[in-house]
Amino acid sequence: MKLSISVPSEFNLKSTIFSHGWCELLPFSNDRDDVSLTRLIDLSSGKIISAQIKEQRTKSNNALQVVTSSPLNSTEQKEVKSLVRTSLRLDEHFTEFYAEASKHKEFFWVPAFGAGRLLRSQTVFEDVVKMICTTNCSWALTEIMVENLCKKLGKKFSDSNSNALQYCFPDPEAIAGTSEKFLRKEIRAGYRAPYLLELSKRIVKKEIDIEAWRTLQIPTDELFQQVRSVKGVGPYAAGNLLKLLGHYDYLAIDSWCRKKFFEKHKNGRTTSDKVIEKYYRQFGKWQGLFLWMDLTQYWYEKEFAF
DNA sequence: GCGTCCAGGTCTACC
DNA sequence: GGTAGACCTGGACGC
């Protein structure tokens with residue numbers, strides 16, 4: 001089944017898909033040549049579908065086409081459209097951000113590429129779990145942990161076309177029903193296991209409502225403290241999660257960011273984080289996004305050849 | 001093939 | 001408030 005979704009005029013699908021590493025983590029998959037993003041969607045009706053998102057070829061080119069693996073009723077169609085809009089940040093306003101970028105010649109490229117929309121998951125829970133899985137390890141290990149979570153705890157889906165088994169991202173109940181030992185040994189989460197277990201159990205017991213973070217109208221500092229209250233989520237993870245929640249006041253500096261900043265701005269010479277913070281402070285409430293644009297600029301120019 | 005070392009954020013205990 | 005050490009894994013490296 002094919003669905004059509006309108007997008008803002010400055011929206012760029014490729015820039016959004018490859019805005020960071022999420023597109024490489026299950027249950028996302030992507031096709032760089034065809035410029036499409038595919039993921040399993042676990043609908044509230046209980047139906048599981050595969051949805052491929054790609055550009056709709058029209059004269060105005062301001063729409064997306066979503067190809068689903070099976071027909072959907074009107075309620076399900078509405079849910080799929082809403083999830084796609086949420087993941088691709090289609091309802092978030094970037095006019096002010098692009099206006100700010102247009103004041104700085106080193107960022108002229110940002111509005112031209114329609115960059116700045118950071119891909120996010122179906123749920124905040126999925127984003128938080130994945131973010132914990134990025135901490136203190138290589139990207140390869142992050143991929144292993146997320147793959148194990150999906151394949152060992154996610155709901156199964158069989159595509160009628162390929163017959164290949166695919167797996168959803170597990171819900172909090174699925175993780176809460178396991179043990180620390182299982183998460184350590186089977187998921188390879190290591191010391192992160194108790195953090196994942198505690199978060200999932202708190203959600204199941206309704207002690208914490210992290211899905212509300214996407215719509216909460218509270219100051220960023222307050223939201224940051226709420227995010228930090230999740231064990232295993234430190235300053236780096238919380239700062240990055242805030243970006244996925246639409247707040248860009250925090251930089252979220254990790255070792256990769258430091259390395260890239262030193263290469264780009266200090267000829268490889270190391271400095272303290274205070275120097276990095278001072279550099280991006282000029283961008284005010286957008287500083288976290290300007291940092292990310294600045295340090296990933298080469299992706300757009302070379303690696304992904306946008 | 002095996003052992004050792006290192007990188008990668010966060011938590012906790014301690015000062 | 002700042003700091004040191006532990007946590008765990010995969011990968012690099014030397015033997």
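Naming: A, B, ... by sequence-line order, numbering from 1 per chain.
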- Task: Starting at atom CD of A/Glu143, determine the distance to atom P of C/dG10, rounded to an integer number of angstrom.
- Result: 13 Å
- From the list C/dG11, B/dG9, B/dG8, which nucleotide is the closest neighbour of the side chain of A/Cys137? B/dG8
- Item | A/Phe290 ring center within less than 6.0 Å of A/Phe97 ring center | yes
- Query: Please give, in whole Å, the distance from B/dG8 P to A/Lys260 NZ?
  - Reply: 12 Å
- Of B/dG8, B/dT12, B/dT10, the nucleotide closest to the side chain of A/Lys231 is B/dT12
- Item | Side chain of A/Arg184 - closest among C/dC7, B/dG9, B/dT10 | C/dC7
- Atom OH of A/Tyr191 to atom P of B/dC11: distance rounded to whole Å? 9 Å
- Atom CD of A/Glu198 and atom P of B/dC11 are separated, to the nearest Å, by 10 Å
- Roughly how many Å is it from CG in A/Asn148 to P in C/dG10, rounded to a whole number? 10 Å
- Item | Pairwise 5' ranking along DNA chain B for A/Arg228 and A/Asn136, keeping only the more 5' one | A/Asn136
- Taking the six-membered ring for Trp, are the ring centroids of A/Trp109 and A/Tyr300 within less than 6.0 Å of each other? yes
- Of A/Ala140 and A/Arg192, the one whose closest DNA chain C nucleotide lies more 5': A/Arg192
- Aromatic ring pairing A/Trp292/A/Trp299, orientation class (parallel under 30°, perpendicular over 60°, tilted between): perpendicular
- To the side chain of A/Thr135, which of C/dG10, B/dT10, B/dG8 is closest? B/dT10
- Could you tell me whether A/Ala189 contacts a base, only the sugar-phosphate backbone, or nothing, with contacts defined as non-hydrogen atoms closer than 4.0 Å? nothing
- Message: Distance check needed: C/dC8 C1' versus A/Arg188 CZ, whole Å only.
- Response: 9 Å
- Message: Taking A/Lys264 first and then A/Glu106, would you say they form a salt bridge - that is, a charged N and a carboxylate O separated by under 4.0 Å?
- Response: no
- Task: Could you tell me the separation between the CG atom of A/Leu183 and the P atom of C/dT9, rounded to a whole number of Å?
- Result: 12 Å
- Whole angstrom value for the distance that separates C1' of B/dT10 from CG of A/Asp254: 13 Å
- Item | Quiz item: A/Tyr195 side-chain donor-acceptor pair to B/dG9 base, under 3.5 Å | no
- Query: Is there a side-chain polar atom (N or O) of A/Ser138 under 4.0 Å from OP1 or OP2 of B/dA7?
  - Reply: no
- Query: Between A/Glu277 and A/Lys274, is the closest basic N to carboxylate O distance under 4.0 Å?
  - Reply: no
